[in-house]
Amino acid sequence: MAETRVTIAIDGPAAAGKGTISKAVAKELGFAHLDTGLLYRAVGAKVLAGAEAVEAARSLTADDLQAGTLRTPEVAQAASKVAVIAEVRAALVDFQRAFARRLGGAVLDGRDIGTVICPNAEVKLFVTASAKVRAERRYLELSTGGHEVSRDEVLADVKARDERDMNRAEAPLKPAEDAVLIDTSELDIDAAVAMALRAILDKTGL
Ligand code: CDP
């Protein structure tokens with residue numbers, strides 16, 4: 001598998017299970033994984049700390065992605081606000097495309113991977129779940145991670161971001177025409193990963 005340049009694009013709304021599925025699939029196939037949401041979260045965090053958004057995106061480093069505070073709802077909101085800015089998105093394109101074509105295969109998850117970043121990806125998955133299920137999963141994730149949040153706050157965050165992400169002019173969240181849809185509302189992690197792997201196998205014969 002070392003010579004492959006297969007790209008797997010996994011998009012979907014907030015907390016749909018993209019991250020979990022992407023990590024599991026990458027591990028199973030021996031591919032590298034990039035959580036592109038982290039790029040926007042890192043820019044959002046810099047803006048919350050006083051930076052200008054476009055400048056923050058242009059000067060992003062690998063270290064910025066390691067910050068321990070990137071998973072909070074405040075940073076998530078800031079991320080979706082900077083993500084509407086065309087120049088911010090443009091500053092992050094080359095890095096994502098280079099990652100996608102790396103030798104050994106790559107899984108990228110985000111909002112616009114199959115539509116804008118990698119329209120020629122060999123496999124495109126669009127992972128969804130109802131807003132209620134997504135908010136409950138994110139609530140459990142945040143509260144077990146030590147963040148003090150209420151269910152209502154988390155649901156409001158998820159809904160506000162979905163709204164902003166789907167309705168922006170630049171690279172809005174939507175399934176690519178040739179994406180395979182996976183609704184995880186009624187699936188546990190193992191079943192969702194199995195469905196993703198089956199779709200990947202079907203498309204690539206890996
Ligand atoms: O983990 P979760 O699904 O909650 O969010 P994320 O993937 O970390 O993304 C945070 C925010 O970054 C999203 O709400 C989007 O506004 C933005 N984003 C984007 O615009 N394009 C991407 N490829 C990835 C994230």
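The shown structure was predicted, so the numbers you read here are calculated from the model rather than taken from an experiment. One is the number of the first residue; the rest follow in order along the sequence. In each ligand, atom 1 is the first atom listed, and ligand 1 is the first ligand listed.
For ligand 1 and A83, the ligand atoms under 4.0 Å from any heavy atom of the residue are 16 (O), 17 (C), 20 (O). Set against the non-hydrogen atoms of A15, the atoms of ligand 1 under 4.0 Å away are 2 (P), 3 (O), 4 (O). Per-residue contacts place S80 under 4.0 angstrom from the following atoms of ligand 1 (heavy atoms of the residue considered): 14 (O), 16 (O).
Scanning the protein heavy atoms around atom 3 (O) of ligand 1, the nearest turns out to be K18 NZ, 2.9 Å. Among all non-hydrogen protein atoms, the one lying nearest atom 12 (O) of ligand 1 is Y40 CB, 3.5 Å. With respect to atom 10 (C) of ligand 1, the closest heavy atom belonging to the protein is R161 NH1, 3.5 Å. Remark: minimum distance from atom 14 (O) of ligand 1 to any protein heavy atom is reached at D165 OD2, 2.8 Å. From the protein, the heavy atom lying nearest to atom 24 (C) of ligand 1 is T36 OG1, 3.4 Å. The closest protein non-hydrogen atom to atom 8 (O) of ligand 1 is R41 NE, 2.5 Å. Scanning the protein for heavy atoms near atom 1 (O) of ligand 1, the closest one is R138 NH2, 3.3 Å. The closest protein non-hydrogen atom to atom 21 (N) of ligand 1 is R89 NH2, 3.0 Å.
Of all the heavy atoms of R111, the ones lying under 4.0 Å from any atom of ligand 1 are found in both the backbone and the side chain. With a heavy-atom cut-off of 4.0 Å, A14 touches ligand 1 through backbone and side chain alike. The residue R164 has no part lying near ligand 1, judged by heavy-atom distances below 4.0 Å.
A heavy-atom separation below 4.0 Å is found between R168 and ligand 1. Ligand 1 lies out of reach of G19, whose nearest heavy atom is not under 4.0 Å from it. Ligand 1 is never approached by K81 to a heavy-atom distance shorter than 4.0 Å.
Minimum heavy-atom separation, R111 to G12: CD-O, 3.3 Å. Closest of all the heavy-atom pairs between V84 and E170 is O-CB, 4.1 Å.
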For residues 196-206, run the donor-acceptor check on the side chains, cut-off 3.5 Å, and write out each pair with its distance to 0.1 Å, sequence neighbours left out.
residue: T204; atom: OG1; partner: I200; partner atom: O; Å: 2.7
residue: T204; atom: OG1; partner: L206; partner atom: N; Å: 3.1

Throw together a table of side-chain donor-acceptor distances under 3.5 angstrom for residues 43-59, partners on residues two or more places apart or in other chains.
residue: K46; atom: NZ; partner: D64; partner atom: OD2; Å: 3.2
residue: E52; atom: OE1; partner: V54; partner atom: N; Å: 3.3
residue: E52; atom: OE1; partner: E55; partner atom: N; Å: 2.9
residue: E52; atom: OE2; partner: V54; partner atom: N; Å: 3.3
residue: S59; atom: OG; partner: E55; partner atom: O; Å: 2.9

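Within the 3.5 Å criterion, the main-chain N or O of S130 finds a donor-acceptor partner in the side chain of S185. Although no hydrogens or angles enter the test, the distance criterion places a donor-acceptor pair under 3.5 Å between the side chain of D11 and the main chain of G114. Looking only at distances, a side-chain donor or acceptor of R5 sits under 3.5 Å from a matching main-chain atom of R101. A distance-only check finds no donor-acceptor pair linking the side chain of K159 to the backbone of V154 [under 3.5 Å]. Between the side chain of T184 and the backbone N or O of G17, no donor-acceptor pair lies under 3.5 Å. Formation of a donor-acceptor pair under 3.5 Å by the S80 side chain with backbone atoms of R164 is not found in this model. Within the 3.5 Å criterion, the main-chain N or O of A83 finds a donor-acceptor partner in the side chain of R89.
With respect to K124 and D109, no salt bridge is recorded, no charged nitrogen being found less than 4.0 Å from a carboxylate O. Salt bridge present: D162 and R134 bring a charged side-chain N and a carboxylate O closer than 4.0 Å.
Close N/O approach between A79 and ligand 1 is not found [any backbone or side-chain N/O within under 3.5 Å]. Ligand 1 has an N or O atom lying under 3.5 Å from an N or O atom of D112, backbone or side chain. For R71, no nitrogen or oxygen atom sits less than 3.5 Å from a nitrogen or oxygen atom of ligand 1, counting backbone and side chain alike. Between Q96 and ligand 1, a contact under 3.5 Å exists for no N or O pair.
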